[in-house]
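These figures come from a predicted structure and were not determined experimentally.
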Amino acid sequence: MSQLSAVLSTTLTLIGQFQTALTTQPTAAAAEAAAQDAEALPLLTASSSALKAQVTKLSLLAITSPFTHSAICTVLRDLNESVLPSIVTAALLVTPVQYTKAFNSEVVVLVKTTLTELLNLVSDVKRVGEKKDQEKKDNGKENDLSKAEKDVVTLATGRVWDACDTVTDVANKGVVGFVMRRVEQWRDLVRDAVEEIEDWDPEEDGDEFFDELLGDDGKEQKDEEDSDDDDDDDDDDEETAALQEHKKSSIRFLKPVAQVYPAIINNRLKNAGNAPLSSPSGVKKLESLMLNLQAIPDHVDEAAGALYEADFDKSGQYLQKTRKCATKAVDLVMSPWVAAAGSDETADKFTTWSKTWLKVIDEVSKPIDEN
């Protein structure tokens with residue numbers, strides 16, 4: 001097994017080196033120079049598909065008797081010399097400057113995960129080879145693998161397939177598709193938070209729950225305490241009224257904020273193609289758009305939590321932060337990514353919508369600003 005052992009060791013070593021390479025990315029200048037000779041995303045798609053095909057071969061060769069060293073060596077050499085360098089090169093070409101930091105991080109994590117799963121598969125194949133060689137040495141022939149032993153290899157192969165499919169999916173959808181998916185996730189979080197506030201009833205914080213807990217044993221003591229609590233009723237009513245008013249103003253404020261997500265998706269991301277990536281300023285704008293839209297769900301959650309605790313100052317502070325992020329997001333993409341060829345027009349229907357939205361958000365923010 002000396003030749004196969006050497007090739008297997010080379011594969012395992014290369015995987016480790018490539019994972020290190022992905023952790024220490026090249027300088028922007030070096031990556032930009034390399035990008036002139038290759039397109040990262042098509043290369044990423046092609047190499048992940050090639051990797052999936054090669055591991056399929058490797059898996060079948062490993063679990064099928066007889067265990068053929070030469071055939072497995074051929075597959076491993078293809079991985080070492082072509083497939084692995086290609087997928088890592090593609091990942092390194094997806095630079096933060098050209099594709100946004102978020103997309104770069106996503107691709108690097110996915111490719112590193114793919115390499116980890118491949119490492120596990122190759123290690124399993126190595127163990128199968130060692131077992132087969134030991135059987136030949138001891139008995140003069142090899143035995144078929146048990147179902148459990150085959151399952152180990154096929155399950156490891158399945159994990160590599162899944163990782164490759166995820167890489168291919170992200171590469172095919174591209175940066176804008178990736179951003180759209182993230183914005184949709186943040187949209188859903190904001191919608192859920194608004195619905196939770198709508199469903200919350202401040203008046204349910206009364207004594208009914210405690211009455212149920214006390215039962216008959218505590219009823220007499222409760223009746224004695226009721227007379228002492230009468231003076232507090234007015235205070236409770238005032239707090240409940242204040243909670244209801246702040247709930248109403250918060251919902252009135254948050255509804256236009258929630259509308260920002262579908263409006264940007266439909267008018268500035270869907271069908272945008274590569275327009276946002278056509279210039280460094282476009283990439284920076286897309287990056288900033290993501291950061292602002294991502295921050296809003298956390299601010300809304302904090303505002304809601306403070307509202308439930310009747311901490312109106314804190315709730316107002318986080319709603320103001322929400323407004324700042326939402327306004328910034330709308331301002332960033334108020335104009336189209338690029339003007340139509342030969343046209344000086346820098347406005348469209350979304351520009352008009354944005355101006356109206358800014359007036360609305362100013363109006364619904366007044367109760368918050370007064371707090």
ask   = How far apart are the C-alpha atoms of L58 and V153, what are their side-chain angles, what is the distance that settles it, and do they pass the side chain to side chain contact (heavy atoms under 4.5 Å, CB included) test?
value = CA-CA 10 Å; L58 183 63; V153 176; over 6 Å; no
inquiry  = Which residues pass the ring pair (Phe, Tyr, Trp, His ring centres under 6.0 Å) test with F253, not counting sequence neighbours?
reply    = none
inquiry  = My understanding is that only residues two or more places apart in sequence, or in another chain, count here; which of them pass side chain to side chain contact (heavy atoms under 4.5 Å, CB included) with A46?
reply    = none
Any donor-acceptor pair under 3.5 Å from T100 side chain to E287 backbone = no
task = Please examine the side chains of L51 and S47, heavy atoms only from C-beta on, and report whether any two atoms are closer than 4.5 Å.
result = no
inquiry  = So does P66 get a backbone contact from the side chain of T68, meaning a donor-acceptor N/O pair under 3.5 Å?
reply    = yes
request  = Not counting sequence neighbours, which residues clear side chain to side chain donor-acceptor pair (under 3.5 Å) with E245? List them please.
outcome  = none
query = Can you list every pair that meets side-chain hydrogen bond (donor to acceptor under 3.5 Å, both in side chains) and has a residue in residues 185-196, with sequence neighbours left out?
reply = E196-Y308
Of all pairs that satisfy ring pair (Phe, Tyr, Trp, His ring centres under 6.0 Å), the ones with a partner from residues 113-151, not counting sequence neighbours = none
query = So with a 6.0 Å cut-off around CG of D138, is the heavy-atom count from everything else above 12?
reply = yes
key: Under the side chain to side chain contact (heavy atoms under 4.5 Å, CB included) test, residues paired with L12 that sit two or more places apart   = L119, V122, S123, K126
ask   = Any ion pair linking K173 and D169 (charged N to carboxylate O, less than 4.0 Å)?
value = yes
inquiry  = Give me each pair satisfying side-chain hydrogen bond (donor to acceptor under 3.5 Å, both in side chains) with a member in residues 253-269, each pair once, sequence neighbours excluded.
reply    = E198-K255, N266-K270, R268-D348
ask   = Which residues satisfy the salt bridge (Lys or Arg N to Asp or Glu O under 4.0 Å) test with E117, sequence neighbours excluded?
value = R159
query = Mind checking whether F67 and H69 have parallel, tilted or perpendicular rings, split at 30° and 60°?
reply = perpendicular
request  = Compare all side-chain heavy atoms of V283 with those of Q98 and state whether any distance is below 4.5 angstrom.
outcome  = no
request  = Kindly determine whether S65 and K132 satisfy side-chain hydrogen bond (donor to acceptor under 3.5 Å, both in side chains), including the steps that lead there.
outcome  = CA-CA 10 Å; S65 296; K132 295 277 189 177; 3.2 Å; yes
ask   = Quick one: are V111 and L44 in side-chain contact, heavy atoms under 4.5 Å?
value = yes
request  = Kindly indicate whether the side chain of W200, heavy atoms from C-beta on, has any atom under 4.5 Å from the side chain of L243.
outcome  = yes
ask   = Is Q134 close to K131 at the side-chain level, that is, under 4.5 Å between some pair of heavy atoms?
value = no
message = Ring-plane angle category for F103 and F178, please: parallel below 30°, perpendicular beyond 60°, tilted otherwise.
response = perpendicular
ask   = Around atom CG of N274, are there more than 12 heavy atoms of other residues, nucleotides or ligands at under 6.0 Å?
value = no
ask   = Closest approach of W161 and T56, non-hydrogen atoms and distance?
value = NE1-OG1, 3.0 Å
task = Using the test side chain to side chain contact (heavy atoms under 4.5 Å, CB included), find all partners of R252 that sit at least two apart in sequence or belong to another chain.
result = E363, V364
Ring pair (Phe, Tyr, Trp, His ring centres under 6.0 Å) involving F18 - partner list, sequence neighbours excluded = none
ask   = Who pairs with S288 by side chain to side chain contact (heavy atoms under 4.5 Å, CB included), at least two apart in sequence or on another chain?
value = N292, K328, L332
ask   = Does K101 have any salt bridge (Lys or Arg N to Asp or Glu O under 4.0 Å) partners at least two apart in sequence or in another chain, and if so, which?
value = none
Side-chain touch D165/K52, heavy atoms, less than 4.5 angstrom = yes
Side-chain (T327) to main-chain (K324) donor-acceptor, under 3.5 angstrom = no
message = Quick one about T45 and N172 (side-chain donor to acceptor, distance below 3.5 Å, no hydrogens or angles considered), yes or no?
response = yes
task = State, with a plain yes or no, whether a side-chain heavy atom of K321 is found less than 4.5 Å away from one of I296.
result = no
message = Whether D362 and R323 form a salt bridge (side-chain N of Lys/Arg under 4.0 Å from carboxylate O of Asp/Glu) is what I want to check.
response = yes
Side-chain heavy-atom pair L277, L286 within 4.5 angstrom cut-off = yes
inquiry  = Is it the case that the side chain of N139 and the backbone of K141 share a donor-acceptor pair, with hydrogens and angles ignored and the cut-off at 3.5 Å?
reply    = no
